[in-house]
Every structure is written in structure tokens, then in C-alpha cells.
There are 2 protein chains.
Amino acid sequence: MNEQDFLASYDPRAYPAVAVTADVVALTIRDNALHLLLIRRAEPPYAGHWALPGGFVRPDEDLTTAARRELAEETGLGGDRLRRVHVEQLASYGAPERDPRMRIVSVAHLAFAPDLPDATAGTDADEADWVPVAELPGRELAFDHRRIVDDGLERARSKLEYTPLATRFLAPEFTIGELRAVYETVWGHPLHAGNFHRKVLSVPGFVESTGANTERGGSRGGPRARLYRAGDARLLHPALLRPAREETVR
Amino acid sequence: MNEQDFLASYDPRAYPAVAVTADVVALTIRDNALHLLLIRRAEPPYAGHWALPGGFVRPDEDLTTAARRELAEETGLGGDRLRRVHVEQLASYGAPERDPRMRIVSVAHLAFAPDLPDATAGTDADEADWVPVAELPGRELAFDHRRIVDDGLERARSKLEYTPLATRFLAPEFTIGELRAVYETVWGHPLHAGNFHRKVLSVPGFVESTGANTERGGSRGGPRARLYRAGDARLLHPALLRPAREETVR
DNA sequence: TCAATAGTGTCTTTCAGACAATATAAT
DNA sequence: ATTATATTGTCTGAAAGACACTATTGA
């Protein structure tokens, strides 16, 4: 250990400054398609590129608090609407060269939101928009945000398997069909309606009946569906596993 | 947004400095008990308290690289032995008051190690030791390290379910009985030997036979067991689920 | 010989998935 | 009437868990 390292082990200021940002992979479902909140950067580096919403963590803020604040700024959301958004930590990204300006460690978060109003650009962005995830392959994202988004999407797909968080994409009351649409959209697979229905009702605490029904049947006919709200389970047991994906296993 | 925040959104140096550390929840199995690597702090704050090994991330280091370095310093390990240790990111902890000196964001990592030699204290510790996890409730840990350890243990238990990482607690060649002992130790439950045996062999890519047998049977008798090494699966499918834990679900 | 462990066989229950059937409501 | 959707029923196969059994070896 050289002298600089020795000093630094006692005083981090002996090292060049590190900045910590909270970035958010915010997902919602619009028009039966998974959408991701992106901003268009106004300033270099990567000016004009699309990027994840985020910003520096403030001195008095917890990491998740910072993520929620950044999300609020870009969605123009507050109060009850924001409270219904699920935010959890995803992972931290800190490769030395990930930002050309200086050492920046990004604590990425993952958010599940019910269908929200259009986004509104914050201070450091020209534009903020919900972008269909299906259109992402064509867009170049700033920094290592592509990787972060990929990790977030995989985490989201996995979370639907063993937690009841799919309900966070929906209004407080929903039908089993709407819940199934969430799974189909996030997983990108059609699911068997009958089997899904029975499965959801058989998992303890996943959903609870409100006793009410929808006012109308589907737009193209069908009976009025029963309404449910999220139950008290935090984990699904047994889980709803994705259709086999032998390929991804090795 | 006030002026300070506005400036800070462009220049993080307008905020008080943040330091980033890499801490490690390193687990190993000794004498059929799960052990955690802890150091005894030499300097305030929390001088004399037990804490997780860790330290400041250096300018040229990736986060996981820093965690591996810290682990190497406290275990005196290098080369091949270190390479067989599994290290993954756990989560980041950044509550504003978690360190009384200054704002410190800790990127915690989780490590699975085969039985290693005794630990050797690094520069900022009086002592480093593998401590039985069962003895933790009696010890007060520094900072929010208790919470980090709890999160790490839960992650470890969960990882054994759907990944083949249990093999990382063992030598390159092992018996099914030794593998079962890992599961029993980490999960804290006895498992049925026969069912476990059949299950492990039925999961594609979990283990592969070496063709060889152990030299001797068990110390108290029994046949010589077949030897296996880790297979090429990165995920177990189907998973080995923990015995039902209805309690933890709500 | 006795006790412990490895490995296999069998049975029951649970659960996932395929498929069918019935009922209801919008057009 | 036709069509789409909700909901329930039935069957099959995979897999988990309980239990029993045999074979092998150290003490």
C-alpha cells in the first residue's frame, strides 16, 4: 500500500471526488405496450441522446428518496398518484469511465407505475417521453443506460414471477383479465386465460375480491368481470413461473 | 429549485463530497456452520466494534473489483483461491446519517467462498475473523452493517434456490452429500437425503460426474460416494425451493 | 456385527398446462 | 345472431415430498 492509499483509507478526500446519482428505469403500460420513461439530454455529454431520468443525490436524501424525486420531476406527478408508484433499488453502476466528465456512481432504481399522464421535461432535459420498449433497439441511449435498462427489464420480468407487483401497473381495482394483460405485456407471451385465472385466485393473498363487477363487459362483448384489489401477500407462493426458457439458462 | 440545486445539477462539486465504499458480506462454511467475515475496527467511529470488511473505491476501480480487493486484503488470499470465490453486487446503502463522519454510500457485495484459511487483519482493523452467523445476534455491528448482513443472508438463501452457486462453497470436486450439507447449513433446515440426491441429478447442468469416487466412506461408515463438479448451468430449472415459509410471505 | 451413509424405488399430492364447456354481454 | 370474454371443469404429465429399501464401508 503506497502513501496515497494509506492516507485515503482514512480520508476519502485524498481521492478525486466521486458523485452519486439516482437514475430510474420507470416502466408503465400504455395501449397494451410496455413503455419506459426517457429524457432527451439538453447538455453534453450525449446532448440530444435519450437517457434515463436521474440526477445527483442531495445531501439530506436517501437513495430511494432521490429516485422518487427525480421521477416526480420528470412526470409532473405528486401526492397520491406518485404514492402508488412502486420504486425499488435495482443496482449500482460505477465503471470508472462510464461518464467522461468525472467518476460517477449511479444507483439505478426500478419503478412500476400505473398509466400516467404525459411526461414533462425537467431542467436538464429538452424533452421527456414514455417510449415503447419495443422501439428501444433503434435508439442509442446515453452512457451505459442501455445496459441498465436491460437489467431493469429482466428484473421486472422476474419480479412478476414471485411478487404481486404486477398490480402496481394497474388502478387500485382491476379485473383478472387486466392483470393477465400486464403479465402478457411484460413477459411478451400470450397466456392461457383460463389457467391464469384459476392460478391467480389460488395463490393466497395475491388478490382479494371487492364484491363489485365492472359496469360494462368488454368493448367487443363478454360478461362483466369481477373486480379485485391487491391482497396482502408480499411474495407469491407458489410463484407464477414464466413459460420455460431453457435457452437463457446456460 | 434553488440556486444551489440548479448549480449542482450541472456541477456535483457544488454539493458536499460523497464517498463511495465497497463492503463485503463474505460467507463460508466451517465445521458445518455458516461463517461471516468480520473485522474489528481500529479507529473511530465504532472503534472496537465488529464491522464488514470494506473500504473506499479507488479512482481506477470498478465496484466489484474494489470488493474483491478488500476481500483479498482481509483474507490474505490471492490467485487461484481468490478466483474461486463468487462475488456479486448485493445493494447500495446510502442513508444520509449512516456514517457520522460524512456522506458515505456503501455498495455492498455478497461473496461465497470455499473454506478458507484464517483471516488476517488489514490496515484499518485490529483483527479479522470468520464468525459463526449463529453468534451474530449477540454482537453489535458498526454502522448499518447488521441490516446489510441480514439482506446478504436472505439473498444467499434465495440464490441457492435458483442458481448452482452452492457449489462455490465447496472444493472443485464434491459429493452430493457435501452439497446437501451446504443447503442445510445456509437454509438452516435438514433436507431429505434421498429426495435431494435425485433432485440434484435431475436438474440439467447443475452437476456433472467426474467418474471418480471418494477414497474413503464417511468417518462413521458408509459407502464411498461418487464425485461431481459444477455443471454449466447458470440457473437451476426447475429450482430447488426452500421448504414452505408461509410466515415470511406476508 | 453394528451403525451410518449412498443411492434407488415407489407412492401420493400438488401444480402447471392443454383443452373443453358454459355463461354473459356488446355489437 | 354473432362474437368476444369471463369463469369453471376435466384431464395429463411434471415435480415435490414422504417413506421404504438395498448396498457399502468404518469402527
Side-chain angles (χ1 to χ4, degrees), chain A residues 32 160-162 170 173-184 187 189-204 206-207 209-228 235-246 249, chain B residues 32 160-162 170 173-184 187 189-228 235-246 249:
Chain A
N32 276 312
L160 293 208
E161 293 190 302
Y162 61 94
L170 297 171
E173 300 199 348
F174 51 85
T175 68
I176 302 293
E178 288 165 347
L179 185 62
R180 176 165 49 84
V182 171
Y183 276 88
E184 291 177 332
W187 285 352
H189 286 285
L191 297 175
H192 187 284
N195 290 340
F196 181 87
H197 194 104
R198 184 163 6 96
K199 171 74 186 176
V200 165
L201 295 186
S202 76
V203 175
F206 191 177
V207 298
S209 175
T210 66
N213 278 32
T214 51
E215 288 299 317
R216 293 179 37 85
S219 57
R220 279 153 300 186
R224 289 180 280 185
R226 266 169 263 178
L227 285 169
Y228 296 85
L235 292 174
L236 302 183
H237 194 77
L240 279 91
L241 297 180
R242 275 177 276 185
R245 46 207 159 108
E246 305 288 335
V249 166
Chain B
N32 277 313
L160 293 209
E161 293 191 301
Y162 61 93
L170 297 171
E173 300 199 348
F174 51 84
T175 67
I176 303 292
E178 288 165 346
L179 185 61
R180 176 166 48 84
V182 171
Y183 276 89
E184 291 176 332
W187 284 352
H189 285 285
L191 298 175
H192 187 283
N195 289 340
F196 181 87
H197 194 105
R198 185 165 1 111
K199 169 74 186 178
V200 165
L201 295 186
S202 76
V203 175
F206 191 177
V207 299
E208 60 185 31
S209 176
T210 66
N213 280 31
T214 51
E215 288 300 318
R216 295 178 36 86
S219 56
R220 281 155 297 185
R224 289 180 281 184
R226 268 169 259 179
L227 286 168
Y228 296 85
L235 293 174
L236 302 183
H237 194 75
L240 280 90
L241 298 180
R242 275 176 276 185
R245 45 205 161 110
E246 305 290 336
V249 165

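Convention: sequence-line order gives letters A, B, ...; per-chain numbering from 1.
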OP1 or OP2 of C:dG7 under 4.0 Å from side-chain N/O of B:R226: yes
Side chain to side chain donor-acceptor pair (under 3.5 Å) pairs touching residues 189-205 of chain B, sequence neighbours excluded, are B:N195-B:R198
- Mind checking B:S219 for me? I need base, sugar-phosphate or nothing, with any heavy atom below 4.0 Å counting as a touch. sugar-phosphate
Taking five pairs at each terminus, the helix from C:dT1-D:dA27 to C:dT27-D:dA1 shows an axis bend, to 10°, of 10°
Per nearest nucleotide of DNA chain D, the residue lying toward the 5' end, B:N195 or A:N213, is A:N213
B:L191 atom CG is separated from C:dT5 atom C1', nearest whole Å, by 16 Å
So CG of A:L240 and CH2 of A:W187: to nearest 0.5 Å the spacing works out to 5.5 Å
Note: A:H237 and A:P204 closest approach over all heavy atoms is O-CD, 3.4 Å
Chain B reaches DNA chain D, atoms under 4.0 Å from its heavy atoms, from D:dA15 to D:dA27
All heavy atoms of A:F206 vs all of A:L236, minimum pair found to be CG-CD2, 3.7 Å
So the salt bridge (charged side-chain N to carboxylate O under 4.0 Å, His left out) pairs with at least one residue in residues 209-228 of chain B (sequence neighbours excluded) are none
Output for pair (B:E184 CD, B:F196 CZ), nearest 0.5 Å, gives 8.0 Å
- Check whether any side-chain heavy atom of B:L227 sits under 4.5 Å from a side-chain heavy atom of B:N213, and report yes or no. no
CZ of B:F174 to OG1 of B:T214, rounded to nearest 0.5 Å, is 13.5 Å
B:H192 atom NE2 is separated from C:dT12 atom C1', nearest whole Å, by 14 Å
Where do N or O atoms of nucleotides 23-25 of chain C meet protein N or O atoms at under 3.5 Å, pair by pair?
| from | atom 1 | to | atom 2 | distance (Å) |
| --- | --- | --- | --- | --- |
| C:dT24 | O2 | A:P223 | N | 3.1 |
| C:dA25 | OP1 | A:R224 | NE | 3.3 |
| C:dA25 | OP1 | A:R224 | NH2 | 3.2 |
| C:dA25 | O4' | A:G222 | O | 2.8 |
| C:dA25 | N3 | A:G222 | N | 3.2 |

Please assess B:E178 against B:Y228 for the test side-chain contact (heavy atoms from CB on, under 4.5 Å), listing each intermediate value before the final yes or no. CA-CA 10 Å; B:E178 288 165 346; B:Y228 296 85; over 6 Å; no
Separation of C:dT14 atom P from A:K199 atom NZ, nearest Å, is 14 Å
A:P238 and A:V203 have their tightest heavy-atom pair at O-CG2, 3.6 Å
When every non-hydrogen atom of B:A239 is compared with those of B:E161, the smallest separation belongs to CB-O, 3.3 Å
A:H189 NE2 to C:dA16 P, in whole Å, measures 17 Å
Contact check, residues 174-182 of chain A vs DNA chain D, heavy-atom distance under 4.0 Å, returns A:G177, A:R180
Rounded to whole Å, the CH2-P distance (A:W187 to C:dA16) equals 11 Å
B:R198 atom CZ is separated from C:dG7 atom P, nearest whole Å, by 13 Å
Rounded to whole Å, the CZ-P distance (B:F196 to C:dA6) equals 11 Å
